[in-house]
There are 2 protein chains.
Amino acid sequence: MTNIKDLAKRAGVSVTTVSRVLNQHPYVSEAKRIKVERAIEETGYLQNINAVHLSKGKTNLIGVVLPFLDHPYFAQVLIGISEQAKEKGQTLVLFPTNYEIEKEQQALRMLRQKQLDGVIICSRVLPLSVLEDYVQYGPIVLLEQRQSEQFSSVFVDHKEIFTRALEYLYKQGHRDIGYTIYRRNGTHSNVRDEAYRAFLERHQLSFNPDYCFDGALYLEDSKAVFEKLKTLNRPPTALLVTSDQVAAGLVIHAEAFNVSVPKTCAVIGLNDEPIAKAVNLTTVRIPLKAMGEKLLDQVLSSEREHASFDVILIERQTV
Amino acid sequence: MTNIKDLAKRAGVSVTTVSRVLNQHPYVSEAKRIKVERAIEETGYLQNINAVHLSKGKTNLIGVVLPFLDHPYFAQVLIGISEQAKEKGQTLVLFPTNYEIEKEQQALRMLRQKQLDGVIICSRVLPLSVLEDYVQYGPIVLLEQRQSEQFSSVFVDHKEIFTRALEYLYKQGHRDIGYTIYRRNGTHSNVRDEAYRAFLERHQLSFNPDYCFDGALYLEDSKAVFEKLKTLNRPPTALLVTSDQVAAGLVIHAEAFNVSVPKTCAVIGLNDEPIAKAVNLTTVRIPLKAMGEKLLDQVLSSEREHASFDVILIERQTV
DNA sequence: ATAGATGATGAAACCCGTTTCATATCAAGC
DNA sequence: GCTTGATATGAAACGGGTTTCATCATCTAT
């Protein structure tokens, strides 16, 4: 493989000059520039990028930490991130964690070892305190509702989402409203719980612990929701479902479980994933792609920033 | 940042010895090993991985080229790849191409620049001849039915899939059978077309160019299929649909288009994606995750190999 | 007792760029 | 004629590891 030295010799200039040509620095005479360019063409020279990385101390590599690749929520965010990455000349390194702590740590370690210029964390199990130890090595940005001094973040207001969706259901006459989530101790579970309890209080409704269903993320998880629903002697008349996958599953499986949506049970989803439109799901649209783009911008920026995105309630046929 | 030199000084040994400790090479006395390990702990030393890459000429980075992130077909393959990557200590760099040629080229360029140890191509638009120019820089493996000398590959026999699905429909009494694909000039379109025409010939059925529907990849593409279906004065009584997303869309939207599945139109899908089970889709299961794992193994291996995977026809309710 | 294998160690070469710094040339301004 | 600033260029330092090679000390088998 030809390296920059060979190139310099062949062009009859110093390696410095070659480097200047490669990096489009000024102060190279036309004559030498042409010589170097010809040498590059003749040899088919290409920089050894690892040497460039070592020398420059950066890699244009951004780590993306996310639990699952096969869920539309994360897929949409990832599409936003990757389109913006293309725009900004960045390349993505993926860390599908399955919520395993070592996979998250791996991303942080690579940041520390300078293999990554920054890390985008779309969802996590690692405590914030651990992340804080790593900001010194490079920007870490979060896809979560959190206004930390240390990290930029991108988020939607989950309290508002819950409040709006719940009030909407209330206005349609529902008084027994349950909700489904994936993780009980996820980063947004608290906010949601608070919004839910505030809603109940506001309307003097009583709290029923059975009305919170967890483990609901994928289409097929809707079956478990139905099954649990069947065990209740006073099942909710409406469900706020924090993933359209699950909400769509409820709609699709309703008949099999002898439920009618929205008659027996109204359903309001979240995200406005493609399937939502297909099954006519009332849902709250979150601009996931735009949020992904913003995440990429933030990880490249030195400013701390907290970007909030607005949501839209999409009324369709399941409430 | 402490580097290996500082470490050597602090431990009172040579950098060579430190390197040996770091890389678990033999021939280091217990005493010195302990000294070095203590120095590492005290300083919190971590290798600059870019220096390691430059020195070793490899990065443990594998490029994955795929058109879309938000389709279950590729998501499943990617999950297989990434689980095996974790197993083998490899990290993935993603190239979501949207079938843009420059994105595919970017992966190849990074291979050539030694930033990637190998490239997995799940689907492509670049001609094979271009890929061949790059095998000299590192292993390139393909997710496609092709027995090339230059590349390892992982595949299912699309001819067999088509043949089995078509014969199955034939056995159920169907004589007007159409099929849907995404790209007319995709890597497998030929094979499928051949299988289709051979099937027609075998049963002395006539070829109808309107029976091939393209542009069908996502759930919502099913609507276009229905619309085109409506324009035919002799619509097919059965469809072989090469993505469960589309097949599920057909089932979900059937009512709206005044079609009954399977009565008016039988549907057989492909891949056995999660949604297939949810909507009771008859489909052909492809072991995508296992294939992804194999792809990762192949890209790490120096042997050329062509791995064929078996498929299973899953009979449910749409035929 | 001795050849030959095995263990232990460090100097130096190597991987391959970028960037700083010193130096030189040339033209414009006074 | 002289200072000053812009242009042009290359030597050398720097980023930070790994690996080869030479050397020396032990141990084992004959």
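Bear in mind the structure is a predicted one, so any value in this text is a computation, not a measurement. Letters A, B, ... are given to chains in the order of the sequence lines, protein chains preceding strands, and every chain is numbered from 1. For the numbers below, each heavy atom of this structure counts, side chains included, while hydrogens, waters and symmetry mates do not.
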Undergrad: How about A:Met110 and B:Ile49: do any of their side-chain heavy atoms sit closer than 4.5 Å?
TA: no

Undergrad: Would you mind reading off the bend of the helix from C:dA1-D:dT30 to C:dC30-D:dG1 from its two end axes, five pairs each, to 10 degrees?
TA: 30°

Undergrad: Would you mind reporting whether B:Gln245 and B:Pro72 have side-chain heavy atoms less than 4.5 Å apart?
TA: yes

Undergrad: Quick one: B:Ile4 CD1 to C:dC15 P, roughly how many Å, whole number?
TA: 18 Å

Undergrad: Does any part of the side chain of A:Glu87, heavy atoms only, come nearer than 4.5 Å to the side chain of A:Glu293, both counted from C-beta?
TA: no

Undergrad: Using a 4.5 Å cut-off on heavy atoms from C-beta on, say whether the side chain of A:Leu78 contacts that of B:Pro96.
TA: no

Undergrad: Is any side-chain heavy atom of B:Phe151 less than 4.5 Å from a side-chain heavy atom of B:Ile121?
TA: no

Undergrad: Select one nucleotide: of D:dT18, C:dT9, D:dG10, the one nearest the side-chain heavy atoms of B:Tyr27.
TA: C:dT9

Undergrad: Near DNA chain D, under 4.0 Å by heavy atom, which residues of residues 17-25 of chain A?
TA: A:Thr17, A:Arg20

Undergrad: Determine whether the side chains of B:Gln106 and A:Thr91 contain a donor N or O and an acceptor N or O closer than 3.5 Å.
TA: yes

Undergrad: For DNA chain C, what residues of residues 106-117 of chain A have any heavy atom nearer than 4.0 Å?
TA: none

Undergrad: Looking at B:Gln147, I'd like to know if its CD atom is crowded, meaning that more than 12 non-hydrogen atoms belonging to other residues, nucleotides or ligands lie closer than 6.0 Å.
TA: yes

Undergrad: Return the residues of residues 29-53 of chain A meeting this criterion: a heavy atom under 4.0 Å from some atom of DNA chain D. Order them by number, or give none.
TA: A:Ser29, A:Lys32, A:Ala51

Undergrad: Verify whether one side chain among A:Thr17 and A:Ser14 offers a donor that lies under 3.5 Å from an acceptor in the other.
TA: yes

Undergrad: Please report the distance, rounded to the nearest Å, between CG in B:Leu54 and P in C:dG17.
TA: 9 Å

Undergrad: Need to verify one output field. Residue with the more 5' nearest nucleotide on DNA chain D, A:Thr16 or B:Val15?
TA: A:Thr16

Undergrad: Over how many whole Å does the gap from A:Lys58 atom NZ to C:dT18 atom C1' extend?
TA: 14 Å

Undergrad: What residues form a side-chain contact (heavy atoms from CB on, under 4.5 Å) with B:Lys88, not counting sequence neighbours?
TA: B:Gln84, B:Gln90, B:Leu296, B:Asp297, B:Leu300

Undergrad: Can you measure A:Met1 atom CE to C:dC16 atom P for me and round it to whole angstrom units?
TA: 9 Å

Undergrad: So, for B:Tyr218 and B:His71, is the gap between ring centers shorter than 6.0 Å?
TA: yes

Undergrad: Does one side chain, of B:Gln76 or B:Glu273, offer a donor that lies under 3.5 Å from an acceptor on the other?
TA: no

Undergrad: Do A:Leu126 and A:Gln105 come close enough that some side-chain heavy atom pair is under 4.5 Å?
TA: yes

Undergrad: Relative to the 5' end of DNA chain C, which residue comes earlier, B:Pro26 or A:Asn3, by the nucleotide with the nearest heavy atom?
TA: B:Pro26

Undergrad: Heavy atoms, side chains only, cut-off 4.5 Å: are B:Val125 and B:Thr97 in contact?
TA: no

Undergrad: Kindly confirm or rule out a cation-pi arrangement of A:Arg10 over A:Tyr45, judged by NZ or CZ under 6.0 Å from the six-membered ring centre and within 45° of its axis?
TA: no

Undergrad: Measuring from the side chain of A:Ser55 (C-beta onward, heavy atoms only), which nucleotide among C:dT18, D:dT18, D:dG10 has the closest atom?
TA: C:dT18

Undergrad: Under 3.5 Å between N/O atoms: give me all the protein pairs with nucleotides 23-26 of chain C, atom names plus distance.
TA:
none

Undergrad: With a cut-off of 6.0 Å (strictly less than), are more than 12 heavy atoms of other residues, nucleotides or ligands near CD of A:Gln136?
TA: yes

Undergrad: Are side-chain heavy atoms of B:Ser308 and B:Phe155 found at a separation under 4.5 Å?
TA: yes

